[in-house]
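Remarks on the structure that follows.
Heavy atoms only: backbone and side chains are in, while hydrogens, waters and symmetry mates are out.
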Amino acid sequence: MKIRNNMVRQGVGRRSLCLVLACLSLALHLFLALFCLFVLQTSCLFPPSSSSPSSFSGSSPQCQQGSSSHFSSSQSSSHKLPTSRQIRVAKMSTHINPKPEASLNVVNEKVKKLITVKMATKMSQRVNRHSKLEGLFSHPLYNMPRPQLQEDDWLLRLKPTKKKDEDSWKDEEPESSEESDWQTDSEEDGYDRADWTSSTETQPPWLRYHLGITRWELYDRKDPSIAEMTQQMATKRILSAVQKSGGTQLKLIMSFSNYGQALVKPMRQGRDSETDLNLFYFSDFERHNAEIAAFHLDRVLGFYRIPPVVGRLLNVTTEIRDITTDQKLSKTFFTSPVGNLCFHGQCEYYCTTENPVCGRPQVLEVSLASMLPDLSLAPRRNWRSPWRRSYSRTKLAPWEKNPDYCVTVKQTPPYSEGTRLVDFIDMVILDFLMSNMDRHHYETFETFGNNTFLLHLDNGRAFGRHSVDEPSILEPLRMCCRIRRSTLLRLRLLSLPRFRLSDVMRESLSQDPLDVVAPLLSEPHLSALDRRLATILQAVHTCLEHHDDAVYDDLQGLDHIYNTIRQ
């Protein structure tokens, strides 16, 4: 009997122990489950910041997965500015789920604020790190003494104030005040109040830019009005938008509240899309980012012959459709099947519903090029390029059939004297670096005659291919074997690791507002610049082996400054 009672007590003890262990195990599992749920919920929360991707795009947050160290690092970086990828994702989510116009305006404003904040952050970071671009521009080759400018070396000059004792004009014109040469009260039309005098402090930056054009360059790199003008083009209120007449593709003229204007080219294709190899050079869309990159490349090369260009995000509704006075343009707006606002304008090519310009759903990337002075004030002469392509699918141009073609060109004015030929070679080098095959004409200012620089305008078909180089663009250099010494030295400088062309271009392009959306040039395009630069230097080396006069020496008298860089 005692044995039986002991066995019963032992059985009860075992069951009690098992029950206790089961309860402990259940409690532990519940604790672990609650802890995991707490961790997952915490990792899915965004900080209450207006710059968070969730508040910007309206999309739901995505839970982060990974170790606890990844979780802590993501929390510590949650207050940083959104990355370019997050901005693009936000725009894509807006594109997929269109919202009412009021919500779209909020999105556009947030995009602009993000760009402003990130650009300010980039500028502050640039000050604290070594800048290859600043090092390049501080080099003696980019700070050569300029020739003394004479009166006729300026494109435009302000008329001097007439003296009060000249009775011949008193009865014909109202008396001009020395305090104010031009005033207007047109604020009711949306324009800023203008009170301009001969003092540069009162003049808008675009006017100072026009007044700074000389026989030798379009602008001075050190002129602060250039940066001020591009900043205003990227932010200033737009009062009107009309289509520019002429041309094969859609372009707009936009007017700002400070009386300035800009030539606008919209985004037609992605930055990474390459031109189809089966397309002819005259069958491709123009690229807005190519116009921006061409301006920066021209500046890096030290030419200063392309008008300043800047990128901007526009609201297709409020900054184009609602303010245009162009009836032909306004009739071409429509909403695409996915809710994007589109338009196509009227032009010779690609202005159809099959080739529209569309916002996402209303946000549109564009390039804005500063306008040159009006033709009535500064007429320009249009020159046919000697190496113009045939623009035919079957015929060849004369230079493609005659290997001695340059001999004829050198005997033909204006290439037979002065610097016109080496000016043209400069343009050829620019075009080869950015793979621009569409240089059929170029322009100069008439008032300077033949002794002046060439305007490098209309670069929208550049940077179409990065995987393939076009050797025919470089034929003028190979045929003529003539190049400026200053240009050659700058090219050699840009081939050095400390001034690598791709690096200084990447840094220069990062200053543009659209760089926060995506890099203006992809890495393959930047690498192509280095590859093409090496091709140019090899072509010059071949010329130097066979021609004694291959280099036009524009650095005479400056040997004591450039002994360390001349070869």
Side-chain angles (χ1 to χ4, degrees), residues 142-170 172-182 194-229 259-261 298-299 302-308 370-383 413-424 426 442-457 484 486 552-558:
Y142 288 82
N143 296 274
M144 293 187 295
R146 286 183 169 84
Q148 186 68 33
L149 293 174
Q150 306 300 319
E151 187 69 24
D152 59 353
D153 289 336
W154 297 94
L155 181 65
L156 299 174
R157 301 295 287 173
L158 288 175
K159 291 183 178 181
T161 304
K162 297 180 179 180
K163 298 180 181 179
K164 295 184 178 180
D165 57 353
E166 295 180 4
D167 296 332
S168 58
W169 59 268
K170 274 187 177 181
E172 298 177 4
E173 298 179 3
E175 186 173 342
S176 174
S177 169
E178 292 184 359
E179 296 296 327
S180 180
D181 295 334
W182 193 78
D195 190 7
W196 304 343
T197 69
S198 57
S199 172
T200 56
E201 296 178 356
T202 66
Q203 298 164 1
W206 61 265
L207 180 57
R208 279 179 270 146
Y209 158 59
H210 286 177
L211 293 174
I213 300 174
T214 69
R215 180 187 297 276
W216 312 116
E217 59 187 3
L218 196 55
Y219 61 91
D220 183 352
R221 173 176 51 82
K222 300 177 182 178
D223 185 358
S225 64
I226 303 302
E228 187 179 351
M229 179 178 63
Y259 296 88
Q261 289 186 322
D298 178 86
R299 192 172 67 124
F303 293 155
Y304 315 121
R305 301 165 194 172
I306 293 180
S370 54
M371 300 291 288
L372 294 172
D374 190 83
L375 291 175
S376 62
L377 297 174
R380 302 192 298 271
R381 179 170 178 178
N382 193 294
W383 300 82
Y415 305 96
S416 57
E417 57 186 9
T419 62
R420 179 58 62 88
L421 182 59
V422 289
D423 289 331
F424 186 84
D426 283 347
Y442 63 88
E443 296 183 27
T444 60
F445 289 109
E446 277 189 6
T447 187
F448 296 140
N450 294 335
N451 190 23
T452 185
F453 67 93
L454 314 185
L455 288 164
H456 301 166
L457 306 177
R484 265 194 178 91
S486 60
Y552 171 79
D553 194 357
D554 59 335
L555 302 181
Q556 294 180 1
L558 301 175

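Looking only at side-chain heavy atoms (C-beta outward), Asp423 and Arg484 come within less than 4.5 Å of each other. You'll find the side chain of Phe445 reaches within 4.5 Å of the side chain of Leu455, heavy atoms only. Side-chain contact between Thr452 and Arg381 is absent, with no heavy atoms from C-beta onward closer than 4.5 Å. Contact annotation: the side chain of Tyr219 never approaches that of Ser225 to less than 4.5 Å [non-hydrogen atoms, C-beta and beyond].
Between the CG atom in Asp426 and the CG atom in Leu421 there is a gap of 10.0 Å [rounded to 0.5 Å]. Atoms CZ and CG, on Phe303 and Leu454 in that order, are 10.5 Å from each other to the nearest 0.5 Å.
Remark: Arg146 engages Glu217, Asp220 in a salt bridge (charged side-chain N to carboxylate O under 4.0 Å, His left out) (not counting sequence neighbours). For Asp298, there are no salt bridge (charged side-chain N to carboxylate O under 4.0 Å, His left out) partners, not counting sequence neighbours. Here Asp153 pairs with Leu149, Gln150, Arg215, Trp216 under the side chain to side chain contact (heavy atoms under 4.5 Å, CB included) rule; sequence neighbours left out.
In this structure, His210 contributes its side chain and Leu155 its backbone to no donor-acceptor pair below 3.5 Å. Between the side chain of Arg221 and the backbone N or O of Tyr304 there is no donor-acceptor pair closer than 3.5 Å.
Nearest heavy atoms, Tyr209 versus Leu372: OH-CD2, 3.7 Å. Taking each heavy atom of Arg380 and Pro373 in turn, the nearest pair found is NH1-O, 4.0 Å. Of all non-hydrogen atoms in Val422 and Tyr552, the two that sit nearest each other are CG1-CB, 3.8 Å. In plain terms, the two heavy atoms of Glu228 and Arg208 that are nearest each other are OE1-NH2, 3.2 Å. In terms of heavy atoms, Lys222 sits closest to Asn143 at NZ-OD1, 2.8 Å. When all heavy atoms of Trp206 and Gly260 are compared, the pair lying nearest together is NE1-N, 3.3 Å.
Summarising the local packing, CD of Glu417 is surrounded by 12 or fewer heavy atoms from other residues, nucleotides or ligands at distances under 6.0 Å.
Taking the six-membered ring for Trp and thresholds of 30 and 60 degrees, Trp383 and Tyr442 have nearly parallel ring planes, at less than 30 degrees apart.
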